S.K.: 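Have a look at this one before I ask anything.
Chain A is the first sequence line, chain B the second, and so forth, proteins listed ahead of strands; every chain is numbered from 1. This one's a predicted model, so the numbers in the text were calculated from it and none came from an experiment.
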Protein chains: 2
Amino acid sequence: MIVSHMAKHDPGLSLLFHALADPTRRSILMGLAERPARVTDLSAPTGFSLPTVMRHLSVLEEAGLITTAKDGRVRTCAIVPGALAPVQTWLDEQRSLWEARLGRLDAFATKAMKKGSQ
Amino acid sequence: MIVSHMAKHDPGLSLLFHALADPTRRSILMGLAERPARVTDLSAPTGFSLPTVMRHLSVLEEAGLITTAKDGRVRTCAIVPGALAPVQTWLDEQRSLWEARLGRLDAFATKAMKKGSQ
DNA sequence: CTAACAGTTAGCCAATCAGCAAAGTTTTTC
DNA sequence: GAAAAACTTTGCTGATTGGCTAACTGTTAG
């Protein structure tokens with residue numbers, strides 16, 4: 001019984017997409033792409049309150065997109081390099097499926113043109 | 001005043017990621033990748049009620065991932081081929097940013113090793 | 001013309017979200 | 001050891017989600 005592409009509901013993928021669906025979180029990621037930062041450093045430019053930013057950070061961390069570590073009273077946040085891989089994989093998978101479908105459409109169209117050539 | 005990568009908050013991207021964040025919607029997409037389908041055809045295998053599936057479909061449609069058209073009493077849903085492009089673009093952008101950061105890290109590590117070679 | 005079919009609308013529910021302010025907590029700094 | 005800094009927790013809002021049933025609309029088949 002082959003279940004290869006019966007991927008079920010992948011919770012990790014849902015967490016990733018959900019984390020990326022928020023513009024504030026995406027801009028936090030962009031910021032962290034340049035350099036690691038403290039929570040306050042991320043709060044200041046966005047204009048959002050500290051608790052709000054904290055919440056976004058924990059969503060990002062649960063999705064595996066960032067790591068955070070506390071040293072003294074300072075928490076430093078950094079990107080997790082490979083974290084977007086599952087998204088890329090899913091995307092590749094979809095593109096190949098969609099292209100296969102387009103291929104079949106082409107084949108059909110071609111056959112239809114030959115058969116029904118006025 | 002250059003604003004090139006100050007992409008602001010891209011609403012389309014948020015819609016796309018949000019649409020993809022739900023496993024039911026992803027499985028609907030997988031189904032439609034094989035062939036277009038009627039609403040009932042999509043409802044049956046998921047086990048969800050018709051209105052629920054309708055809601056998912058409208059989320060997918062607003063994100064631009066699918067198109068739907070009604071012929072008589074039947075609505076047919078199909079994938080929109082290029083719809084994932086913005087996601088791929090954002091992903092590429094991130095990967096290049098992240099890799100640049102890793103590059104700088106490498107440079108730093110190398111310099112540190114030279115300097116502090118015990 | 002009536003019945004079955006396919007979809008749609010309306011309205012309800014519990015859960016989650018994204019934001020906040022206010023009140024802790026734990027380091028540092030002076 | 002008091003005060004400032006940097007979170008962290010708590011608890012509150014209003015909005016959105018994802019699910020449902022029940023009732024409604026339009027289309028086709030008999």
S.K.: Would you kindly compare B:R38 and A:G47 by the position of their nearest DNA chain C nucleotide and give the one closer to the 5′ end?
M.R.: B:R38
S.K.: Rounding to a whole Å, what distance do you find between A:I28:CD1 and C:dA18:P?
M.R.: 11 Å
S.K.: Is the number of heavy atoms from other residues, nucleotides or ligands within 6.0 Å of CZ (B:R75) greater than 12?
M.R.: yes
S.K.: Examine the side chains of B:R38 and B:S43 and answer whether a donor and an acceptor come within less than 3.5 Å of each other.
M.R.: no
S.K.: For B:L50 and C:dT8, what is the distance between atoms CG and P respectively, to the nearest whole Å?
M.R.: 8 Å
S.K.: Counting only heavy atoms and a strict 4.0 angstrom limit, can you tell me which residues of residues 52-77 of chain B come near DNA chain D?
M.R.: B:T52, B:H56, B:G72, B:R73
S.K.: How would you give the extent of chain A contacts on DNA chain D, as first and last nucleotide 5' to 3' within a 4.0 Å heavy-atom cut-off?
M.R.: D:dA4 to D:dT9
S.K.: Looking at residues at least two apart in the chain, or sitting in another chain, which of them share a side chain to side chain contact (heavy atoms under 4.5 Å, CB included) with B:V59?
M.R.: B:H18, B:A19, B:R25
S.K.: Any ring pair (Phe, Tyr, Trp, His ring centres under 6.0 Å) involving residues 66-95 of chain B? Give me the pairs, sequence neighbours left out, ordered by first then second residue.
M.R.: B:F17-B:W90
S.K.: Measure the spacing between CD1 of A:I66 and CG of A:L57 and express it to the nearest 0.5 Å.
M.R.: 4.5 Å
S.K.: Side chain to side chain contact (heavy atoms under 4.5 Å, CB included) with A:T89: which residues, sequence neighbours excluded?
M.R.: none
S.K.: Quick one: closest heavy-atom pair of B:P36 and B:T76, and the distance?
M.R.: CB-CG2, 4.0 Å
S.K.: B:T52: which residues meet the side chain to side chain contact (heavy atoms under 4.5 Å, CB included) condition with it, sequence neighbours left out?
M.R.: B:F48, B:S49, B:H56
